[in-house]
Amino acid sequence: MIRDSYIKTVIEPFKIKTVEPIKFTTFEERERILKDAGYNPFLISAENVLIDLLTDSGTSAMSSAQWAGLLDGDESYAGSRSFYRMEAKVRQITGMKNIIPTHQGRAAEKILFSIIGGKGKVVPNNTHFDTTRANVEYSGAMAIDCLNEQGKHPEIIADFKGNMDIEKLEATILKYGVENIPVVMITVTNNSGGGQPVSMENIRQTRAICDKYGLPLIMDSCRFAENAYFIKMREPGYQDKTPLEIAQEMFSYADGSTMSAKKDALVNIGGWLALNNDDLAVQCRNLLIVTEGFPTYGGLAGRDLEAIAQGLEEILDEDYLHYRIKSTEYLGNKLTELGIPILLPPGGHAIYLDAKRFCPTIPQDQFPAQSITCALYLDGGIRAVEIGSVMFGRMEEGAFVAPDLELVRLAIPRRVYTQSHIDYVIEVVKHVHDRREELRGLRLTYEAPMLRHFTARFDYID
Ligand SMILES: *Cc1c(COP(=O)(O)O)cnc(C)c1O
């Protein structure tokens, strides 16, 4: 790592070889576009978005080496060289015996829970990501979040707010019965919990509970490299270890890994299910053949596997991870300096505006985070995503049950935007915050039975 202590500026550790123009729109155009989209930014055409912070998933810029890998990909149906390269890389990092490629993370979840889920089963996790919860529930099982108390308070500054609440985990196992728990999951970093990291100690303690009850531990490892870098920066004893060594230790406590390569493998599509248990892996591969493809491509092209293998080389580079974590922190720190409430401390892949404090006049059942999300688009053409009452709110016996956190996520695509793009974002968020009293609540005019946030439509409440 070449960084001199007398230099403070963190620069992008790459230069730009290809550019993609972005389109500017007027306020009046955005008013119409937003209305046509039913006040749901998911339904806006991407070409009408100036800065797209909807997600960091599948939006990474690939390196020249990854693009070169696309040409070099081996498209053989069975036994592709690109599969073996990807398998070797995933095995080096995770140490897992069986590496099963899938077209994305949720395909790995679907396969796993089709086999181990089902009615009467209960799956604990620090915080289930939305597709994970949906796949657990779709199988008939129940998904339970065991987030530690600090993680529920956006204003508390702590190092590892993504941690599992170990006592709640054990209580959950005892409450529902060991025989009904097929696996324990742990999500690193904790995406829905604010991109907050999980400590090595917490992973170790989760492992100890799993050992006590004879349960397998599956790591939802979408952001394993970012998590590893937080451990390096924050957890005693890890300063001198490489991100690869830290990642290897994290995975050593797990029996399996579900992965969206669209995150920390720096590609636009891909994923895996990695398992140590051979019998379970056989069942998963059989289902994979029905739903995804042959076990050496799993719904991907050979070139995709090649790009994943190369992306996994690059993701653990310390200069990359330093830039990644520091540039996200830059956005968070600037917003905090302006008095804008965000979930603290800044997470790895995103900054989350705390809508309850940003917009205290709108009650949670009128979707304050969705209203802020709409305003960001209207005022600056920025697309963010609501992670609050639209995504996780639910009706129970006719009453609205609000989630603990009401957030607007500004996810940062990997290697895509420069510091001046981020300075623009800061200016727009400040503008929306300055006029926060004018923001209005929304009501649903359409919702799907599952994962409603993707397709819901809204209107303003007068
Ligand atoms: C993205 C994500 C998933 C699902 O992966 P897809 O590739 O989008 O299907 C699962 N868990 C977490 C934590 C994620 O961030």
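Atoms within a ligand are numbered from 1 in the order they appear, just like the ligands themselves.
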Between the side chains of H153 and D404, does any donor sit under 3.5 Å from an acceptor? no
Do Q66 and Q310 meet the criterion of a side-chain donor-acceptor pair at a distance under 3.5 Å? no
Contact residues of ligand 1, where a non-hydrogen atom lies under 4.0 Å away: Q104, G105, R106, E109, F129, T131, T132, T187, N191, D220, C222, R223, S260, K262, K263
Are R133 and D130 close enough for a salt bridge, meaning some N to O gap below 4.0 Å? no
Please name the residue in the list R452, R457, R394 that meets the salt bridge (Lys or Arg N to Asp or Glu O under 4.0 Å) test with E447. R452
Validation: residues 37-49 side-chain donor-acceptor distances under 3.5 Å, sequence neighbours left out:
unit_1	atom_1	unit_2	atom_2	d
N40	OD1	F42	N	3.0
N40	ND2	H453	O	3.0
N40	ND2	A456	O	2.9
N48	OD1	K23	NZ	2.9

Modelled atom types, side-chain donor and acceptor of E109 and T132, under 3.5 Å: yes
